[in-house]
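Given the structure is predicted, the values throughout are model-derived calculations rather than measurements. Any value given below was found using the heavy atoms of this structure, including those in side chains, with hydrogens, waters and symmetry copies removed. Letters go in sequence order (proteins before strands), and every chain restarts at 1.
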Amino acid sequence: MVGKAGKVSAVGGEPDLRRRLLEMGFCNGAQVQVVRKAPLGDPIEYKLRGYHLSLRAAQARHVSVQAD
Amino acid sequence: VAAPRGARVIALAGNPNSGKTTLFNALTGLRQKVGNYPGVTVERKVGQARLLDGSDCTIIDLPGTYSLISRSPDERVAMEVLRGLREDTPAPDAVVVVVDASNLQRNLYLVSQLIELGMPLVVALNMTDIAARRGLHVSAEDLSRELGVPVVSMVGHRRRGVDELKAAIPQARVAMMPDWPIPAEMREELLLVGGGLAILDGSEGIACESVGLKPRADLAANPDQQRLDRYQAIAERLLVGDSASDLQVLSQREPVRSLLGSAQGRMQGLGIDAMQADIEAHYRWIEGVARRCTRLVDELAAMGVDAPPADPERPVRPTMSERADAILVHKIWGLLIFALIMASLFVSIFWLAAPIQDAVEGVVGWLGAKATAPLADGPLKALLEDGIFAGVGAVVVFLPQIALLFLFLAAMEDSGYLARAAFLMDRLLARVGLHGKSFIPLLSSFACAIPGILATRTIEDRRDRLATILVAPFMSCSARLPVYTLLIGAFFAAQGPLAQAGMMLALYAFGIIAAAVVAWIFRRSFLRGPTPSFILELPTYKIPQAAQVLRQVWTNSSEFLKKAGTIIFAMSVLLWAINYYPRLPEARVGEIEASVAAAPLASDAGTEGAARSYFEPPAELAGEAFAAAAAEARESEVSRLSAAAQREYSIAGRAGKLMEPVLTPLGYDWKIGVGLIGSFAAREVFVSTMAITYAAEDPEDGGSVSLAEAMQADRRPDGTLVWTPLIAVSVLVWFVLAMQCVSTVAVVRRETQSWGWPLFQLAYMNVLAYVICLAIYQVGSRIY
């Protein structure tokens, strides 16, 4: 899973979370790469649009990604 | 910093980590004022800058936000300032938006929202050095052409481009409104709703005028078209769910409400979500702009300016930050380095600050003694000595710890490590409903809850922050240590040093467990919220700038002195008064003098249960020397006993007795009650209060009879011991759980901008302490 990359195909979740995810750049078609998991397993670090951010797994599951 | 009348007002906007603060400092120098927006815990920074033409302008540093859709307090304040909806802040004439060139796309999202707002803009294209290190060149000229506003390329922390930015501010322009690629169906709905608003405007309390969107004079020459454009812009804000106060009012009015509802219903039927469509349209436009403005540096060098555009989504080369993170958030090394950094933070605010604190206390005490020496004994001298100077001491004694903590925090935040710390620790804290960013505040609270609570400012979410503030005082602070040491030493010495150390550890662990349980309960009850959001940017590492870090330490420390200091000071004086008044009648002092004079030397029994041998005449003393020594011993005995009697006679002493019915179920007597009242000034005061109450020497002053012995020997009128190991445990647990520190109350009041939260915290912690201590004594005394 770490190192994998793909394109965002759908963003779900409740409106506030969805809005924030979209605003941070998780739009349909955006290229996303899994960089690493935190040492304790969660959260997970992603790279998209040339920057790094981390999401808890509970939030990340609302972003569907089509693997490259 | 007085704003010159009629001066231009500029708002400084930008994403977090875009270097906005550095730029604000570079523009305003020392001419700035830091405070809070009334009613919210959002920092308000306003400064004055002199432009190149010699004119002054007021610069408002908006909170760093990723978006302007008002959801968090930061975003709401930013939006309200921009739209001129806040009475406490002048409406800006133009906006300087800071854009991180190394993170162009996401930074342009905020720019795209500012464009919609219709305000004159200048783009400060910052961090071009970091972009260059990644092999990217963002062309200011191209970006300026794309947006139609001045774009200044700069490296804020090297002060490169600051003058150019100052020159560009008067040239601020309203950006061209891009043709967002929104779905055609949504466009139709915008026309419909916009048309509806045009008809409804002015009727039955529907006033589109009050919406803070600027008319966009640049777009359409035709005034009718302008009007329609504006209605459409409002319709778009409403449809995408912008909840700024002005729009909120409008969207709740009928028939606007049903107009919006039916439009949203129709779009939903077509599978279109207005909010998502809007954001994706912005990003699609952004991707185009970014692609046209970004070039690969290498290719630029090889082929000149006509190099092919770079795809910003393709990794160019592993950045320095990425290589650093391979170690700093590594499974093993990352945790190890983190533990090391946290240990040094802890050591420095716990031990490194201690000698400085002692020195500060010494200086304040010395000044107090110097100032009061010429005064005769009496209320004025006592007020100065024990009230005012002790109060000042109580405030400034925290300063070394607070300054050190802020030094660490500022350096960690400035370098980008703070986000990694949150990333590493989030899992642990998420289990009890806290946040990765709660870790450092909680750790700092082991030194002192005050810097800990101040450190919660880095937590953006209000609920996360409140939960952290509410449980932070459970961490055993350094002020509890003397109490732990006294009680464990006095009542568990027989169990050996290992058991004593174990008890000490257990008390610390108990506080942590209490915090976890309480946080868990709060997050599932009144602080319950939507899935605690943890969307954390991991910014590029930077070398912290000394000037910036020191400025932050200075701002935060002086703010603490001003705001919390005044309350702490007032409380200290109040606590002094209730311990000083009313005065013991002269007759009582006379009685004590007489009884001491009558008592034989080397007596075993003093008065008031203080069993002690106060004078043992050394054999070699004789004659006058013996008489002098005996007189001195009697005199000091009188002053000790009258201090103890005064303590009992004072309001605090009476309150202690008044509290006795409440304290008896816990097994405490009134003396412990007085100690608990005294510990509201600071927990360690318990030890000196006990020393006075027991007419024993304060152990710190190297007394001849130890406080521990006096406590062990103390009996109630019915002959039973006041202190049993069970009661000692109960008092220890009380100190772990109870909120008994006015300074913390003052700081929570300041940080939450309300009296409600600190009073709630005071109540729930003390009730919890009471219930648990009651259970310990009631259950324990039946087993014994």
Check your understanding: How close do B/R427 and A/D42 get, heavy atom to heavy atom, and via which atoms?
Key ->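 That closest heavy-atom pairing would be CB-O, 3.3 Å.
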Check your understanding: Considering all heavy atoms of both residues, which atom of A/Y51 and which atom of B/R106 are nearest to each other, and what is their separation?
Key ->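 Minimum heavy-atom contact is CE1-NH1, 2.9 Å.
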**Study point:** Heavy-atom pair count under 4.5 Å with chain A, highest-scoring of B/L104, B/L424, B/D325
**Key:**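 Most heavy-atom pairs within the cutoff with chain A belong to B/D325.
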Exercise for review: Could you check which of B/H330, B/K331, B/E280 has the highest count of heavy-atom pairs closer than 4.5 Å to chain A?
Suggested key: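 The candidate making the most pairs under 4.5 Å is B/E280.
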**Study point:** Most chain B-contacting option - heavy-atom pairs closer than 4.5 Å, from A/S54, A/P39, A/P15
**Key:**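 Ranked by contacts with chain B, first place is A/S54.
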Check your understanding: Who among A/G41, A/P43, A/G25, A/C27 has the most heavy-atom pairs with chain B under 4.5 Å?
Key ->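 Among the listed options, the one with the most contacts to chain B is A/P43.
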Practice item. Give the C-alpha distance, both sets of side-chain angles, the deciding distance and a yes or no for side-chain contact (heavy atoms from CB on, under 4.5 Å) between A/N28 and B/Q276. Key: CA-CA 10 Å; A/N28 274 340; B/Q276 181 162 2; 4.0 Å; yes
Practice item. Flag the pair B/I535 / A/L17 as yes when at least one side-chain heavy-atom distance between them is below 4.5 Å, and no otherwise. Key: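 A side-chain contact under 4.5 Å exists here.
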Answer with side chain, backbone, both or neither: which region of [X] has an atom nearer than 4.5 Å to a non-hydrogen atom of chain A?
{"X": "B/A326", "result": "both"}
{"X": "B/L428", "result": "both"}
{"X": "B/S102", "result": "backbone"}
{"X": "B/Y109", "result": "side chain"}
{"X": "B/A430", "result": "both"}

Give, for atom [atom1] of [X] and atom [atom2] of [Y], the distance between the pair rounded to the nearest 0.5 Å.
{"X": "A/D16", "Y": "B/M275", "atom1": "CG", "atom2": "CE", "value": "7.5 Å"}
{"X": "A/L40", "Y": "B/L335", "atom1": "CG", "atom2": "CG", "value": "6.0 Å"}
{"X": "B/H435", "Y": "A/R56", "atom1": "NE2", "atom2": "CZ", "value": "6.0 Å"}
{"X": "B/L538", "Y": "A/E45", "atom1": "CG", "atom2": "CD", "value": "4.5 Å"}
{"X": "A/I44", "Y": "B/D426", "atom1": "CD1", "atom2": "CG", "value": "11.0 Å"}

Check your understanding: Any chance CD1 of B/I332 has more than 12 other-residue heavy atoms, nucleotides or ligands included, within less than 6.0 Å?
Key ->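 No - once you tally the heavy atoms of other residues, nucleotides and ligands closer than 6.0 Å, there are 12 at most.
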Review point. Does NZ in B/K542 sit with more than 12 non-hydrogen atoms of other residues, nucleotides or ligands closer than 6.0 Å?
Key: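 Above 12, so yes.
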Exercise for review: Measure A/L48 against the heavy atoms of chain B and call it side chain, backbone, both or neither at under 4.5 Å.
Suggested key: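 No part of A/L48 comes within 4.5 Å of chain B.
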Review point. Would you say the side-chain atoms of A/R49 pair up with the backbone N or O of B/Q105, donor to acceptor, closer than 3.5 Å?
Key: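 Side chain of A/R49 to backbone of B/Q105, a donor-acceptor pair under 3.5 Å: no, none is there.
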Point to revise | Check: B/Y283 side chain, A/E23 main-chain N or O, donor-acceptor pair, under 3.5 Å | key: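 Checking the backbone N and O of A/E23 against the side chain of B/Y283, a donor-acceptor pair under 3.5 Å is found.
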